[in-house]
Amino acid sequence: MPDTTGYDVAAIREDFPILARQIGDVPLVYLDSANTSQKPAAVIDAIDAHYRAHNANVARAMHTLGGEATAAFEGARAKVAAFIGAAGPEEVVFTKNASEALNLAAYTLGSRLQPGDEIVISVMEHHSNIVPWQLAAERTGAVLRWFDITDDGRLDLAKAEAENLINERTKVVSITAVSNVLGTVNPVADIAAQAHAVGAVMVVDAAQAVPYAGVKVEALGADLVSFTGHKMLGPTGIGVLWGRYDLLADLPPFLGGGEMINVVKLTGSTYATPPHRFEAGTPPIAEAVGLGAAIDYLNEIGIENIALHEERITAYALTRIAAVPGLKLLGPTRPVDRSGAISFTLSTADGEEIHPHDIMQLLDSRGIAVRGGHHCARPLHERLGIVASTRASLYLYTTTAEVDALADGLVYVANFFGGKR
Amino acid sequence: MPDTTGYDVAAIREDFPILARQIGDVPLVYLDSANTSQKPAAVIDAIDAHYRAHNANVARAMHTLGGEATAAFEGARAKVAAFIGAAGPEEVVFTKNASEALNLAAYTLGSRLQPGDEIVISVMEHHSNIVPWQLAAERTGAVLRWFDITDDGRLDLAKAEAENLINERTKVVSITAVSNVLGTVNPVADIAAQAHAVGAVMVVDAAQAVPYAGVKVEALGADLVSFTGHKMLGPTGIGVLWGRYDLLADLPPFLGGGEMINVVKLTGSTYATPPHRFEAGTPPIAEAVGLGAAIDYLNEIGIENIALHEERITAYALTRIAAVPGLKLLGPTRPVDRSGAISFTLSTADGEEIHPHDIMQLLDSRGIAVRGGHHCARPLHERLGIVASTRASLYLYTTTAEVDALADGLVYVANFFGGKR
Amino acid sequence: MSVEAMYQEIILDHYKAKHHSGLREPFGAEVTHVNPSCGDEVVMRVALDGDRITDVSYSGVGCSISQASTSVMTDLVIGKTVPEALSLLADFTEMMHSQGRYEPDEERLEDAVAFVGVSQFPARVKCALLGWSAFKDAAAQALAAEGQE
Amino acid sequence: MSVEAMYQEIILDHYKAKHHSGLREPFGAEVTHVNPSCGDEVVMRVALDGDRITDVSYSGVGCSISQASTSVMTDLVIGKTVPEALSLLADFTEMMHSQGRYEPDEERLEDAVAFVGVSQFPARVKCALLGWSAFKDAAAQALAAEGQE
Ligand SMILES: Cc1ncc(COP(=O)(O)O)c(C=O)c1O
Ligand SMILES: Cc1ncc(COP(=O)(O)O)c(C=O)c1O
């Protein structure tokens with residue numbers, strides 16, 4: 001049913017084959033898109049067609065198939081560049097996922113770090129934006145420092161200022177644009193300005209932002225931005241590191257191998273210019289084709305329409321879920337600077353907290369897919385004083401009926417473990 | 001037409017949709033499988049079906065779809081383990097390609113290296129088994145030393161012995177099982193024994209061996225073995241590092257992020273046991289499913305039947321191609337310890353060497369796909385005193401008719417550039 | 001089977017009133033085990049007299065399955081010898097990996113038979129095994145410590 | 001178009017008898033450019049008198065397209081001023097990226113018009129540009145060196 005703005009969620013759902021699936025004998029209610037998104041037929045078919053008719057290695061293969069595969073692969077790079085407003089395709093490095101992109105950043109920026117230099121991240125980061133910096137700090141003697149959060153789940157900017165968190169020793173600041181647990185949208189452009197004021201490099205983990213918000217790298221004010229294909233309707237096996245070209249050109253190689261070289265000699269090698277310098281070996285070719293098709297699909301629906309849908313369905317879900325007895329929302333409770341990852345804890349009527357695994361399991365028996373655990377953000381959970389939480393996450397294909405099913409399911413869960421069976 | 005052994009190449013070709021393709025108005029003759037292999041419908045369909053019905057993130061997602069995706073992903077790991085005769089699935093690390101696998105080896109083994117330690121590789125290595133070690137040597141002060149080759153394109157074991165190449169300072173030996181240019185099959189088990197005798201770790205680049213020969217890691221005698229999905233009928237975006245479990249368990253993490261951790265705290269993290277320690281972030285899930293299907297397909301045909309076909313078609317091709325006037329084969333000219341990558345140079349009747357790009361381009365106009373260049377093995381070409389070569393590479397679907405088309409095409413090329421137009 | 005059937009009354013009862021819960025003295029060894037995908041943790045102590053298990057005490061956070069399984073385990077192993085306990089662990093582990101195709105011996109496994117249904121939910125097998133594997137680890141360490149005395 | 005048509009007579013003639021080939025003195029700057037995917041290399045020298053190009057000399061290995069293109073380029077630029085040469089380079093580059101949709105001005109580009117067909121083979125565009133981009137680099141360095149004298 002098209003809503004008044006013409007956003008036709010029913011028609012969109014038709015494009016996603018898996019959404020017709022039954023779980024046991026009930027229909028699938030997929031509310032785990034922050035974990036990975038489902039794929040429209042257009043993406044699946046593009047990968048299929050690539051393997052059936054155009055498969056070849058790229059760059060090094062110059063025959064007709066090689067030319068076709070290279071054009072498709074580099075064409076996908078250009079689509080990504082346009083989608084995020086990069087200055088050009090040469091600023092787009094393909095990696096295997098967002099985690100590799102962040103490790104690429106941490107290894108190459110790490111090569112410039114010295115003991116006493118500071119790296120600033122936040123307690124709400126995903127492990128993929130924590131561990132690479134911990135490892136870089138161990139390798140170099142740099143010090144890792146943390147943004148704390150406020151009680152309503154936003155970066156505690158006041159405390160950071162009071163602590164002089166970003167200062168003349170700061171060399172790297174790496175912050176998520178959107179929390180994958182709290183849904184918080186962070187003021188990365190402001191933080192980037194602070195980082196730049198002290199000469200630090202600003203890295204933005206945009207894994208949860210690019211799929212929804214239509215990120216433009218210029219507006220983020222960042223120097224490096226990472227994201228991942230599988231959360232934005234694309235395939236697994238592909239991620240992106242965008243970088244300002246002059247910064248990329250200045251960074252040393254990370255992985256060595258075929259395609260990233262200029263001249264290899266016994267006595268040493270010289271390296272290709274970006275982006276190829278950072279793409280050792282056969283790249284994710286079919287995956288790039290799939291990601292390109294995903295971007296075409298997102299553009300067709302319109303990222304601003306998706307953002308609007310996300311805003312509305314999030315607002316609806318916040319109200320609907322917050323009304324479940326015994327439920328406590330984590331993160332911002334109002335749909336302002338708030339994306340569609342909604343985490344919470346749930347207690348029975350007698351006040352016993354129900355473990356997320358148990359919530360997830362009972363919801364699953366009703367076809368509802370949510371995630372229970374620490375969502376790869378253990379420091380955040382520790383900061384919140386809990387071990388784990390349950391997360392429902394919404395996307396362009398999520399309906400109000402699905403949110404209703406979740407809310408009803410949660411009431412059922414609370415009753416089940418409360419003894420009202 | 002089944003041959004006398006029952007190997008039915010025509011039936012096999014039916015399984016590969018792309019082999020029905022026309023290039024312009026002539027049929028495709030794909031002789032570039034050492035660059036990347038084509039995919040049977042079974043592989044393409046497995047990926048398709050995964051996205052249509054079972055897509056979810058693994059490990060962290062515990063709902064029904066998550067369980068299905070995890071079972072498929074870990075099931076693929078078990079298939080790989082069985083295929084290479086690993087002690088168990090926990091010895092199989094999924095990477096993005098063979099190059100990442102070799103970098104993983106070089107970074108983690110590199111963490112143990114000190115100035116004066118020696119790393120031994122060979123001049124016939126692919127850049128992906130050279131540059132990671134050059135970078136590791138730069139980081140650590142270790143010395144990189146090289147196996148030379150003999151004039152017929154085999155490892156010069158006598159010279160290595162005379163030079164005491166592998167000695168008490170040697171900490172790592174990394175050698176390709178099969179040369180991607182010369183087709184040479186190297187005596188890796190013997191070299192592994194030498195490496196182990198001095199306490200060095202033996203790494204084998206099996207990218208060109210696993211697809212054809214049915215590698216069993218036990219027989220290689222290696223400690224770490226790398227290979228890549230896209231050369232063995234599988235998708236792009238996935239590679240493998242196999243390791244002896246006790247060695248893997250001893251290696252530090254490489255990429256940091258989600259899924260590779262045990263506990264993440266502000267003050268530092270502890271890491272998962274192998275293989276997960278080395279798989280940061282969302283892994284190549286659909287790609288693993290595709291690789292699993294590729295292994296099923298290879299098993300169905302029988303890797304020993306594929307090896308036999310490879311041997312015969314290589315023998316046929318060596319004879320047929322060597323007979324082309326002006327053609328000079330690189331590497332072993334007899335089909336003994338020799339796989340189906342056949343590289344050569346070609347000259348006109350008046351003795352002018354024709355550039356591989358020109359050869360490749362004219363062959364392409366006849367639908368024949370070969371590769372021209374240094375095949376990511378520039379040091380080898382330098383050692384051979386040439387800049388580039390042309391390579392035809394054969395696989396389970398290659399026919400004698402295709403080899404004939406190549407031989408005829410090469411005669412045509414020599415005449416074209418020789419002025420007989 | 002339905003998920004409601006998986007959550008047998010026995011499991012929920014143990015979850016709501018855990019047996020032998022809390023950390024007690026004396027003990028021969030203490031270990032901490034973690035389920036990294038959810039952060040669930042158990043701290044476990046084992047006290048021995050020779051190879052006889054005199055006490056198993058624990059604290060931790062976890063889902064109903066892991067909590068109940070740990071509770072059931074303590075009922076089973078306290079008073080037994082380490083070899084007897086490890087033999088029960090072997091049976092329990094086999095049952096948990098059977099995907100529901102195991103006929104548990106109720107004489108031996110007592111309340112633990114209730115977990116056969118859980119074995120049909122692969123994602124939860126790890127939960128059911130968390131306390132048992134912590135026990136195995138702690139018992140091995142306690143035995144080694146006994147040997148040194 | 002057919003590949004045989006791509007290999008125009010003009011191209012093959014330049015390939016077989018390269019104009020201005022070999023490295024000569026004097027020169028204002030020398031550069032080496034490489035096509036990393038195949039290893040093709042060109043060493044190029046440019047000699048200037050003020051901003052007028054008095055000689056372009058080169059050696060290297062490469063395919064017929066890169067060799068012929070370099071040969072054609074030397075015919076075009078020797079005797080011209082650096083700005084004139086760069087303007088020709090701009091035209092040639094535009095033609096090479098046109099995928100065959102460029103109407104070259106034969107008055108200006110002379111033998112280089114033969115390469116319009118090559119622009120339909122994207123993999124070969126890099127080959128055709130190798131010598132030109134080496135020239136551009138060498139000319140810039142030679143100009144800078146002139147300025148310092
Ligand atoms: C011998 C050898 N090693 C390593 C590689 C690298 O494989 P990939 O490009 O998949 O990383 C290749 C293939 O290109 C190869 O032939
Ligand atoms: C905020 C954030 N950063 C990074 C990642 C890592 O992405 P990937 O698993 O694709 O490497 C994720 C997703 O898991 C995420 O939500």
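Just so we're clear, the structure is a prediction, and the values are computed from it rather than from any experiment. Chain A is the first sequence line, chain B the second, and so forth, proteins listed ahead of strands; every chain is numbered from 1.
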Shortest non-hydrogen separation from Ile354(B) to Tyr15(D) and the atoms involved: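 That would be CA-OH, 4.4 Å.
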
Nearest atoms (heavy-atom pairs only) where Cys127(D) meets His357(B):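 Taking every non-hydrogen atom into account, SG-ND1, 3.4 Å.
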
Student check: side-chain heavy atoms of Met6(D) and Gln361(B) closer than 4.5 Å: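 Yes - at least one pair of side-chain heavy atoms lies under 4.5 Å apart.
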
Heavy-atom side-chain contact between Leu362(B) and Tyr7(D) under 4.5 Å: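 Yes, close enough: below the 4.5 Å cut-off.
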
Part of Glu352(B) lying under 4.5 Å from any heavy atom of chain D: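 Looking at Glu352(B), nothing touches chain D.
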
[X], [atom1] atom: more than 12 neighbouring heavy atoms under 6.0 Å:
X: Lys328(B); atom1: NZ; result: no
X: Gln22(B); atom1: CD; result: yes
X: Asp350(B); atom1: CG; result: yes

Point-to-point distance, once rounded to the nearest 0.5 Å, from CD of Gln67(D) to CG of Asp358(B):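 Gln67(D) atom CD to Asp358(B) atom CG measures 9.5 Å (nearest 0.5 Å).
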
Residue part contacting chain B, namely of Glu41(D), when any heavy atom lies under 4.5 Å: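 Glu41(D) touches chain B through side-chain heavy atoms alone.
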
